[in-house]
Amino acid sequence: MDDCPKDICAVTDSSTEGVPASQPPLDPNGTTQRSPEELVARAIAPVKREFLRPPPSSRTTQNSPASDTNVKQPQANVVQEKKSKRQLKRERRQEQNSPLNLCPEIAKTGDVNACSYKDKCRFSHDIEAFMAQKPADLEGDCPFIKADAPCPYGLACRFAGTHKDNAPIATSNLLKKSSEVNGLSKDVQKLLWKNKMRFTKADAVVKSLGLAGPNWKVKKLVDKEEDEVGLDGSHAADETNCKKVVDDSVDCSECPSTFPAAVNAEEACETDELRPLKKAKLVVDEKCSDEGEDATVLENDNEKNSAETELADNVLAEPDRSPKICNLKDATVLEKYNEKKSAETELADDVHAEPDKSLKIHPREKMLIDFREKLYLAPLTTVGNLPFRRVCKTLGADVTCGEMAMCTNLLQGQASEWALLRRHSSEDLFGVQICGAYADTVARTVELIEKECTVDFIDINMGCPIDIVVDKGAGSFLLTKPLRMKGIIQAASGTVDKPITVKVRTGYFGGKNRIDSLIADIGSWGATAVTIHGRSRQQRYSKLADWDYIYQCARKAPSTLQVLGNGDIFSYLDWNNRKTDSPELSTCMIARGALIKPWLFTEIKEQRHWDISSQERLNILKEYVRFGLEHWGSDKKGVETTRHFVLEWLSYACRYIPVGLLDVIPQRLNWRPPSYYGRDDLETLMASDSAADWIRISEMLLGKVPDGFTFAPKHKSNAYDLAENG
């Protein structure tokens, strides 16, 4: 490949012979040769002429699926790849019955008798059949070998030949447990599945603010039906289950929630007593929403306690007043009364200590995070996973944030959504990003995250432009609903002590910016920082970010609100210019620039253009693969999952153009790279936008792909104006 530039020059010279002087010469791409300035004006990367090459006549582009045969498949195959849930379920069952689906306990220990389920186990116990069909081991060492503990995947590991035989079995999961946190426990997941998780703080704040989601009345009707079922004798059993959950988890907040709108546990128990007490509860609701003071709630609760005491005495004194229901009420009222008396002092202290839960801590009194001058890796969909964030941390990132998670999916206990919240021990300043449409949903989610996860801040996405998010009333749709934005921020900040940050766009419609009119209010609502992406939802990722408008918003922001800018940061010069033009900015968030060249953080800290070599880029990919195998596993499934995300990342990384190949530096994010030769074969391969070439790079890292393997990028990343990230 060293002779390629000379050959290209010869072709260029011969192609200009016989051309009239009035016609400009053509470059190897078959287009008119233009000066670097003209190319930049057309958003085309000005690659040096000696490195240009004609575009391949037939190739597998990013928009089409690719296999290991380097043959472009028809677009119809993409539709055929979609399978119904029934087909996927059938394939999973067939896979479970396969000898390759070895029982994890047997794979870990190598002992057929290690599985406690014996013949009832849904996995295979045939070690010989598994070893006969297992693919050959991959080159390299097992990623878990450095932990001085056996690999948790045992015989199923694709690096089983490098395992140590003398390591104790009891510490097989030591590495993952010590390095990653924020996992979803089975107990919490079951409570979420059954809709029995209690959100006392969130519901109290939402109620005091007078906010409720669209399912609030529906939920109350469901609760009413459950209460009617309880009159048939199941209520006592529900209370027994409630007590059991409290005893097991030692957390009263995980008690089954049948009244999510209750201010405290007392109201949840007494609303199904008698009709007069329901009216008293409505009075409390009105006062709570109008005045927002829990002291009033406490006063009314005391009145209801005395009324309930008299009611219990009357029920005992006149047991024959209602023969069908009175006996049940007798036992229920007395039992709940005794429970309330034991908890009355503690609940009263809580209310006095926090007289107004919606404003219990002023935003300036919250634990703040100083984002100034810190390099902030934006939450990135799909590619911004935990292994990628670890790579960015090694290259200089200061602040990391997990991928955007939907509030409804988190509250439903979906394991795939909770995986987006996982945090590695190397992420010393870490936040999670959530997206929701209503105040009650977001408030419950932040309360759950604060209780179950270890995070430094919680970011609320109000700028995601993706249709499926906007159609649900979340993301950038909230930019058209300032009052709903206010309710969400107030409910979230009033529920948790963690700093609440917000990510927005300039507006919903192009040319109709509105964040400047809300920037002062966002701080008073309870947010500690706001990130402004300099594009509208309608604009998505087309054109350049409007940094002048970001500067305008930063100047209007109160001193207590940190303003972060976002959009098109792709070199240390971009970073310096943004900070110099607007000293009011705390820092700049780096998003797509990190996907294309994650060493951008190093360039900013060292203030240089890094002409990174192809081998150095390959080493970064190798490090990512090692992190991915530690995170997703070193068995067959983990290897292929790692391969998939490597390919997703390569669909962005191929846009990078080495510094030594450009006539004008630095590269701009909106430049379209032409077809060009690299300085060596590996650099040429990395510059390809063919999915088949990405697969070849993955085979250099993870071995040969399985038979019938296909890949199509999730984000179709050759279009610069698509909505990749929120």
Side-chain angles (χ1 to χ4, degrees), residues 100-110 130-131 134-183 382-395 397 400 402 419-420 422-427 430 598 615-650 653 694-695 697-706 709:
L100 287 175
N101 195 32
L102 188 65
C103 176
E105 289 297 324
I106 295 178
K108 185 187 303 183
T109 61
F130 170 79
M131 297 302 295
K134 179 187 174 183
D137 286 351
L138 300 177
E139 296 182 1
D141 295 332
C142 176
F144 300 98
I145 198 171
K146 295 181 181 180
D148 294 329
C151 173
Y153 299 93
L155 298 175
C157 179
R158 295 293 305 275
F159 305 89
T162 62
H163 287 174
K164 298 179 180 179
D165 297 331
N166 56 352
I169 297 175
T171 59
S172 59
N173 292 321
L174 180 62
L175 177 65
K176 196 162 188 176
K177 286 184 179 180
S178 62
S179 61
E180 294 185 12
V181 294
N182 297 350
T382 305
V383 186
N385 44 58
L386 185 144
F388 180 79
R389 298 197 303 269
R390 289 184 64 184
V391 169
C392 292
K393 283 294 294 182
T394 61
L395 293 172
T400 56
L420 305 178
R422 295 193 69 86
R423 173 184 189 174
H424 191 264
S425 58
S426 63
E427 298 180 273
F430 173 78
Q615 188 59 46
E616 290 174 316
R617 293 167 64 186
L618 185 64
N619 291 337
I620 293 176
L621 287 173
K622 289 180 178 179
E623 190 174 31
Y624 175 80
V625 167
R626 181 170 63 85
F627 294 157
L629 294 174
E630 291 179 3
H631 179 62
W632 291 300
S634 58
D635 60 344
K636 179 182 177 182
K637 182 178 180 180
V639 168
E640 294 309 315
T641 302
T642 304
R643 187 193 305 276
H644 170 79
F645 285 106
V646 167
L647 294 172
E648 290 285 0
W649 183 15
L650 289 173
W694 306 337
I695 291 177
I697 295 175
S698 75
E699 290 180 332
M700 298 168 59
L701 304 167
L702 292 166
K704 186 172 176 58
V705 298
F709 178 86

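- Contact annotation: the side chain of Arg390 approaches that of Glu630 to within less than 4.5 Å [non-hydrogen atoms, C-beta and beyond].
- Annotation: cation-pi geometry not satisfied between Arg423 and Phe430 (NZ/CZ under 6.0 angstrom from ring centroid, within 45° of ring axis).
- Heavy-atom neighbours of Lys636 NZ from other residues, nucleotides or ligands within 6.0 Å: at or below the threshold of 12.
- Phe159 and Gly140 make their closest contact through CD2-O, 3.5 Å (heavy atoms, listed as atom of the first residue, atom of the second, distance).
- Leu701 is listed as a side-chain neighbour of Leu618, based on a closest heavy-atom distance under 4.5 Å.
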Test Glu648 against Thr382 for side chain to side chain donor-acceptor pair (under 3.5 Å), laying out the working first. CA-CA 8 Å; Glu648 290 285 0; Thr382 305; 5.9 Å; no
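- In this structure, NZ in Lys704 is found 10.0 Å from CD1 in Ile695, a value given to the nearest 0.5 Å.
- Closest of all the heavy-atom pairs between Cys151 and His163 is CB-NE2, 3.3 Å.
- A pairwise comparison of heavy atoms in Leu650 and Trp694 identifies CD1-O, 3.7 Å as the closest pair.
- In this structure the side chain of His631 reaches within 4.5 angstrom of the side chain of Glu180, judged on heavy atoms.
- A pairwise comparison of heavy atoms in Arg422 and Glu427 identifies O-OE1, 4.4 Å as the closest pair.
- Here the closest heavy-atom approach between residue Arg617 and residue Ala653 is recorded as NH2-O, 3.8 Å.
- Asn385 is listed as a side-chain neighbour of Tyr624, based on a closest heavy-atom distance under 4.5 Å.
- Residues Phe388 and Cys392 have side chains in contact (heavy-atom distance under 4.5 Å, counting atoms from C-beta outward).
- Shown are His644, Arg643, Lys637; of these, the side-chain hydrogen bond (donor to acceptor under 3.5 Å, both in side chains) with Glu640 is made only by Arg643.
- Contact check for Trp649 versus Leu621: side-chain heavy atoms found under the 4.5 Å cut-off.
- In this structure, Tyr153 and Phe144 have tilted ring planes: the angle between them lies in the 30° to 60° band.
- Here the side chain of Lys134 pairs a donor or acceptor atom with the backbone of Cys157 at under 3.5 angstrom.
- In this structure, Leu702 and Val639 approach most closely via the heavy-atom pair CD1-O, 3.9 Å.
- The closest donor-acceptor contact from the side chain of Ser634 to the backbone of Leu629 lies at 3.5 Å or more, if one exists at all.
- Other residues, nucleotides and ligands place no more than 12 heavy atoms under 6.0 Å from the CD atom of Glu139.
- Put simply, CZ on Phe130 and SG on Cys103 are 11.5 Å apart, with the number rounded to the nearest 0.5 Å.
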